[in-house]
Amino acid sequence: MSSLLSGLNPEQLEAVALPHQSALVLAGAGSGKTKVLTTRIAYLIQSGQVSPHGILAVTFTNKAAKEMLTRISTMLPINTRGMWVGTFHGLCNRMLRAHHRDAGLPQAFQILDSADQLAIIKRILKSLGADDQKYPPRQVQWFINNAKEEGLRASQVEVYDDFARKMVEFYTVYEQQCNKEGVVDFAELLLRSYELLIRNEILREHYCGRFSHILVDEFQDTNRLQYKWLKLLAGDKAAVFVVGDDDQSIYAFRGANTGNMKDFERDFRITKIIKLEQNYRSHGNILDAANTLIRNNSGRLGKNLWTSEGHGEPLRVYNAATDFDEAAFIVDEVKSLRSEGVALAQMALLYRSNAQSRVLEHALFNAALAYRVYGGMRFFDRQEIKHALAYLRLIANLDDDNALRRIINFPLRGIGARGLEQLQDEAQRQGGSLWAAMRQNYEGGTTLILDSEVKILPGRDKVPDKPKKGMEGFVAMIEALRQGCEGLPLPEVVEHMLEYSGLVAHYRAEREGADRLENLNELINAAISFVHEAEDDSLTAFLAHASLEAGEHQAGSGQDALQLMTVHSSKGLEFHTVFLSGLEEGLFPHENSRNEAGGVEEERRLMYVALTRARRRLYLSFAQSRMLHGQTRYNIPSRFLQEIPDNLLKWLQPVQKTGFRSQAPETRNRGLDVAIQKAEFGVQDRATSVRDAGASQWRIGQNVTHAKFGAGVIVSCESQGADARVQVKFSRAGTKWLSLEYAKLVPA
DNA sequence: CTATTCAGTGTTTTT
DNA sequence: CACTGAATAG
């Protein structure tokens with residue numbers, strides 16, 4: 001026992017060893033929040049106050065949940081499988097699976113991601129003949145999710161004007177459609193689970209009796225519905241232990257409500273608030289910067305981070321002429337840090353919005369630096385993966401219209417808009433799913449005789465001899481596929497589906513299909529590791545996993561690579577070195593935030609999160625001009641930069657020392673500034689050098705080598721000058737188009 | 001029905 | 001710019 005508690009500071013110790021009562025822990029960044037949470041769980045179990053069975057621990061990200069489980073299992077020799085540790089969505093999913101009947105859901109109900117949800121909404125708007133100028137689909141989506149996050153069904157939303165009345169109407173139809181298809185969106189997972197507990201007294205008492213300790217991470221990010229859910233589960237017996245930091249609340253846009261912290265104090269009659277302010281992560285200068293910045297926000301609960309370590313280095317500020325320049329600067333610094341022995345994985349490039357990763361990726365790629373992008377286009381978001389998943393979903397649940405629509409004509413089998421429309425009408429008339437309508441009209445007769453005498457299951461061959469076209473072909477294929485998958489272990493189901501559906505054949509025939517095939521292969525690997533790790537290895541569980549943990553799986557993870565991500569997804573992580581790029585007005589703070597109430601303050605908290613990710617070294621950079629929406633924009637440096645005390649900063653550009661602090665740079669001089677900068681720092685104008693190197697150097701048939709792709713031969717050329725491109729066929733990496741300006745090709 | 005092209009449009013952050 | 005939806009040619 002004592003070993004568990006050793007190494008905690010007095011405040012941490014107090015929090016961990018608190019008696020059975022509800023408590024609020026205000027934990028600053030890097031103050032050992034996760035440590036406190038996990039140690040408390042271990043302590044409660046070890047001291048016999050609760051069994052693993054009686055613990056409910058909630059986080060926001062799967063990453064955090066996983067981290068928590070691994071930490072607990074290093075502290076205690078227990079099987080964590082039966083413990084309820086996970087995200088709100090994950091736990092609600094678990095509950096709904098267990099009681100799908102009571103919740104009014106089919107047992108293989110599917111989970112919609114935002115894109116799926118939007119697709120359904122668009123379809124509904126179209127079928128209702130709604131004016132999508134007046135009612136943009138995204139806004140309808142926003143309305144529905146907001147209502148759900150408040151815990152409101154369509155019938156419960158109060159309306160005061162026609163616009164809202166219309167929105168509620170869409171919401172109603174959407175609800176009906178989802179019910180018919182047996183699908184639920186993210187918010188629905190929570191709402192259903194909540195309603196299930198409200199209505200079903202037996203279940204509620206069961207769970208309330210079970211969980212005597214409820215622990216919540218990142219409490220400042222909870223929305224109203226999540227709070228109500230927690231309150232319901234807590235009943236009047238459970239001790240609710242919440243950890244949060246109001247300064248790190250960055251999800252107001254999706255309903256997070258910091259007011260929950262105040263409500264929590266009141267509703268749970270909190271007498272004990274523990275503040276963790278000692279920071280074990282960053283050097284003093286970084287903390288000073290963060291503390292000073294966040295002090296500009298109003299209405300804080302109040303907290304000041306300190307460290308017993310030294311001040312460390314100043315924060316390095318770089319004023320780049322262009323976004324391209326900024327990327328080049330970062331690449332150079334990364335290289336030299338790496339040569340000093342800092343692992344790539346210990347460096348992070350952070351940015352406000354996903355679109356900014358492009359320039360950075362481009363520069364990194366050409367410098368042959370390994371990197372990994374979190375978020376943005378995720379593995380499970382890729383087109384080919386979504387297609388594959390749609391087949392799987394249809395196998396699991398034939399009523400999933402969304403899935404059916406996605407694949408009914410992919411690979412192409414000659415079913416067009418016309419046929420689909422007829423099908424739609426037919427389904428409407430019958431009040432059933434598309435599949436039901438389809439099967440009634442097009443069942444070929446040759447298929448699906450559920451005959452136990454059939455020795456060889458139909459559809460178990462690799463590929464149907466001749467994939468039949470049209471609706472009949474589709475129906476036959478799906479039915480054969482379903483039968484063929486019966487009884488197979490999950491990875492083989494995936495493999496069989498990939499072949500039998502024709503997806504593999506399709507991408508094999510496609511010119512640029514190599515990467516996609518690789519991803520499809522990776523999907524089989526994902527299924528294999530899922531089977532190893534998960535307690536429930538059914539297809540349905542795998543599909544839920546794919547929806548809920550979309551961000552977790554990445555092909556080629558594990559190697560030492562630079563970490564690229566948005567500031568949002570960096571929350572909870574820490575790195576030796578952090579590069580925070582794009583510190584410009586309009587970008588960070590984002591221009592949309594200026595009109596929103598409290599928008600800039602939320603952006604400031606976001607900035608606070610970004611700063612506190614760094615342990616030792618922190619780079620802040622901005623660009624005077626940046627390509628955005630296809631045109632060059634000129635931005636002034638972010639106000640947040642000016643909110644950091646001067647003495648903590650070290651400007652890396654002498655030119656700019658006199659720059660914006662004394663006076664804002666004047667637009668008309670900017671071109672000149674850039675020229676001066678280039679002259680002073682010997683920046684080579686790459687476009688010029690390419691032109692000089694000449695169009696003549698590269699010709700078809702030429703053998704070349706590329707830093708990353710290896711040896712290859714040029715198969716075609718395009719245009720001349722700065723934007724010249726060549727197509728190179730590499731022996732290993734396939735055929736690619738490369739821009740001569742950036743790709744460092746070497747003649748071989 | 002499919003492939004290609006074109007004009008229009010919109011754009012933060014995520015479970 | 002990148003993506004979508006619609007129009008048009010094949």
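So that the names make sense, note that chain A is the first sequence line, chain B the second, and so on, each numbered from 1.
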Seminar exercise, completed: Span of DNA chain C engaged by chain A, first through last nucleotide within the 4.0 Å heavy-atom cut-off, is C/dC1 to C/dG5

For this session: Give one of base, sugar-phosphate or nothing for A/Lys122, where a contact means two heavy atoms less than 4.0 Å apart.
Result: sugar-phosphate

Problem set entry | Touch class at under 4.0 angstrom, heavy-atom based, for A/Ser114 against every strand present | base

Exercise. Which part of the nucleic acid does A/Phe88 contact within heavy-atom distance under 4.0 Å: base, sugar-phosphate only, or nothing?
Worked result: nothing

For this session: Specify whether A/Tyr207 and A/His99 have parallel, tilted or perpendicular ring planes, treating 30° as the upper limit for parallel and 60° as the lower limit for perpendicular.
Result: perpendicular

For this session: For A/Ile250 and B/dT15, give me the distance from atom CD1 to atom P, rounded to whole Å.
Result: 11 Å

Exercise. Hey, is the side chain of A/Asn354 poking within less than 4.0 Å of OP1 or OP2 on B/dT14, counting only N and O atoms?
Worked result: yes

Exercise. Taking CZ from A/Arg254 and C1' from B/dT15, how many angstroms apart are they, rounded to a whole number?
Worked result: 5 Å

Exercise. Which atom pair, heavy atoms only, marks the closest approach of A/Arg300 to A/Ile294?
Worked result: CD-O, 3.4 Å

Problem set entry | Near-ring test A/His100/A/Phe109, centroid separation under 6.0 angstrom | no

For this session: Measure from the side-chain heavy atoms of A/Phe186 and tell me the nearest of B/dT14, B/dT12, B/dT15.
Result: B/dT15

For this session: Might you point out which heavy atoms bring A/Ala396 and A/Gln110 nearest each other, and give the distance in Å?
Result: CB-NE2, 3.9 Å

Report each atom pair, protein N/O against N/O of nucleotides 8-11 of chain B, whose distance is under 3.5 angstrom.
from   : atom 1 : to       : atom 2 : distance (Å)
B/dT11 : N3     : A/His629 : ND1    : 3.2

Exercise. When you compare C/dT4 with B/dT13, how far apart are their P atoms, in angstrom units rounded to a whole number?
Worked result: 15 Å

Problem set entry | A/Phe474: ring-ring contact (aromatic ring centres under 6.0 Å, His included) partners, not counting sequence neighbours | none

Exercise. What is the per-nucleotide protein-contact pattern of nucleotides 1-6 of chain B, from the 5' end, where B denotes a base atom under 4.0 Å from a protein heavy atom, S denotes such proximity for sugar-phosphate atoms only, and - denotes neither?
Worked result: SSS---

Exercise. In whole angstrom, what separates A/Leu587's CG from B/dT12's C1'?
Worked result: 10 Å

For this session: Take atom CD of A/Gln226 and atom C1' of B/dT15, then tell me their distance rounded to the nearest Å.
Result: 8 Å

Exercise. B/dT15 P sits how many Å from A/Glu149 CD, rounded?
Worked result: 13 Å

Exercise. How close do A/Glu584 and A/Asn635 get, heavy atom to heavy atom, and via which atoms?
Worked result: OE1-ND2, 3.4 Å

Exercise. Is the centre of the A/His387 ring less than 6.0 Å from the centre of the A/Tyr507 ring?
Worked result: no

Seminar exercise, completed: Exactly one of A/Tyr194, A/Phe219, A/Trp229, A/Phe186 clears ring-ring contact (aromatic ring centres under 6.0 Å, His included) with A/Phe88, and that residue is A/Trp229

Problem set entry | Partner set under side-chain hydrogen bond (donor to acceptor under 3.5 Å, both in side chains) for A/Gln422, not counting sequence neighbours | none

Exercise. In whole angstrom, what separates A/Lys148's NZ from B/dT14's P?
Worked result: 21 Å

For this session: Would you mind reading off the distance between A/Phe253 atom CZ and B/dT15 atom P, rounded to a whole angstrom?
Result: 9 Å

Problem set entry | Listed partners of A/His568 passing ring-ring contact (aromatic ring centres under 6.0 Å, His included), at least two apart | A/Tyr251, A/Phe253

Problem set entry | Touch class at under 4.0 angstrom, heavy-atom based, for A/Phe60 against every strand present | sugar-phosphate

Exercise. Salt bridge check: are A/Arg605 and A/Asp247 linked by an N-O gap of less than 4.0 Å?
Worked result: no

Problem set entry | Close aromatic pair by centroid cut-off 6.0 Å: A/Phe143 and A/Phe170 | no

